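Each remark here refers to the structure printed beneath this line.
No hydrogens, no waters, no symmetry mates; every other heavy atom, side chains included, goes into these values. In listed order, ligands and their atoms are each counted from 1. Source: prediction; values computed, not measured.
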Amino acid sequence: MKNLIVANWKMNPDSAEDAEYLFDGILKSAPKLKNTEIIICPPFAYLDRLSQKSKIKNGKVKTYLGAQDVFWENKGAFTGEISPKMLKKIGANYVIIGHSERRKNFVETDEMINKKIKAALKSGLKVIFCVGEFERDEKGEYLKFVKNEVLEGLKGIPRALTKNLTLAYEPVWAISSNKGARPDTPEELLQMIIYIRRILFFRFGRKIYKDTPVLYGGSVDENNAKNFIEKGQAQGLLVGRASLSAKSFVELLKSIN
Ligand code: PGA
């Protein structure tokens with residue numbers, strides 16, 4: 001199975017020129033990694049531009065582009081939304097769905113996330129579906145919370161559509177923009193990855209659970225990335241802050257080589 005390293009730029013950088021500069025910086029120096037796919041998820045507004053750029057081969061590696069959200073209808077009176085079809089047209093192969101910042105700031109419910117996942121998978125986009133608890137309690141309630149997010153998000157999704165599905169475990173308390181954030185430990189992550197894989201196993205069966213990558217996100221940087229993959233057994237990483245500097249992101253990629 002391939003490792004996926006996903007750069008989630010969130011609402012950054014604040015100009016198209018800076019976005020191109022960052023993108024070029026990554027492409028120019030990113031190492032060629034065996035069995036690794038690099039996916040850059042810029043704001044919608046830069047997707048088209050970066051997709052034009054990515055067609056010009058100026059580095060050793062191929063990168064894919066992803067969006068940070070999508071709507072579930074293909075057209076119509078939905079002010080401010082963007083459809084799976086539109087995303088594909090402007091060069092996105094992937095889409096992040098259910099990020100905790102969207103769940104919180106835009107009150108995205110499990111039901112909405114489920115509709116988005118279905119529509120995106122049906123359209124042929126590859127989905128990076130985010131789940132993760134707000135806090136870790138002693139009693140282990142957070143396990144139920146994560147299980148519920150996984151099952152609700154994947155409700156009614158047929159096995160045939162899971163080929164393009166990836167899960168990303170991002171505990172909210174570990175995301176660098178949150179106060180007091182700290183990365184998970186590889187040991188605890190390993191337990192969570194096993195737990196999520198078990199949920200996938202019971203929901204979809206052996207084959208799908210084996211083929212569905214589960215990533216980790218939350219304060220990942222060039223110093224801890226390797227451990228999350230090797231000790232934590234994550235099949236990739238979702239990287240926020242450290243993906244906003246070409247130098248850090250390239251170092252991170254080199255570190256997992
Ligand atoms: P972070 O963000 O790497 O800055 O913690 C990860 C994310 O929110 O996807």
So if I count the atoms of ligand 1 from 1 in the order they appear, which ones are less than 4.0 Å from some heavy atom of G218? 5 (O)

the protein heavy atom lying closest to atom 1 (P) of ligand 1 turns out to be S176 OG, 3.5 Å

Give a yes/no verdict on whether any heavy atom in G217 is under 4.0 Å from an atom of ligand 1. no

Within 45° cone and under 6.0 Å: R198 NZ/CZ vs Y195 ring: no

Looking at CD of Q191 and OG1 of T185, how far apart are the two atoms once the value is rounded to the nearest 0.5 Å? 8.5 Å

Which residue supplies the protein heavy atom nearest to atom 3 (O) of ligand 1, what is that atom called, and how far is it? G240 N, 2.8 Å

Hey, can you tell me if F23 and W9 have their rings parallel, tilted or perpendicular (30° and 60° cut-offs)? perpendicular

NZ (K85) with more than 12 external heavy atoms under 6.0 Å: no

Sub-4.0 Å atoms of ligand 1 with respect to non-hydrogen atoms of L238: 9 (O)

N8 contact mode with ligand 1 (heavy-atom cut-off under 4.0 Å): side chain

Between K118 and N114: side-chain donor-acceptor atoms closer than 3.5 Å: yes

A242 versus ligand 1: do any nitrogen or oxygen atoms come within less than 3.5 Å of each other? no

Mark yes when over 12 heavy atoms from residues, nucleotides or ligands other than Y21 sit less than 6.0 Å from its OH; otherwise mark no. no

For the CE atom on M1, are there more than 12 heavy atoms of other groups (residues, nucleotides or ligands in this structure) within a distance under 6.0 Å? yes

Within 4.0 Å of some non-hydrogen atom of R241, the atoms of ligand 1 are 1 (P), 3 (O), 4 (O)

Contact atoms of ligand 1, heavy-atom distance to S219 under 4.0 Å: 1 (P), 3 (O), 5 (O)

Those atoms of ligand 1 less than 4.0 Å from some heavy atom in E170: 6 (C), 7 (C), 8 (O), 9 (O)

Do H99 and Q68 have side-chain N/O donor and acceptor atoms under 3.5 Å apart? no

N/O separation below 3.5 Å, K10 to ligand 1: yes

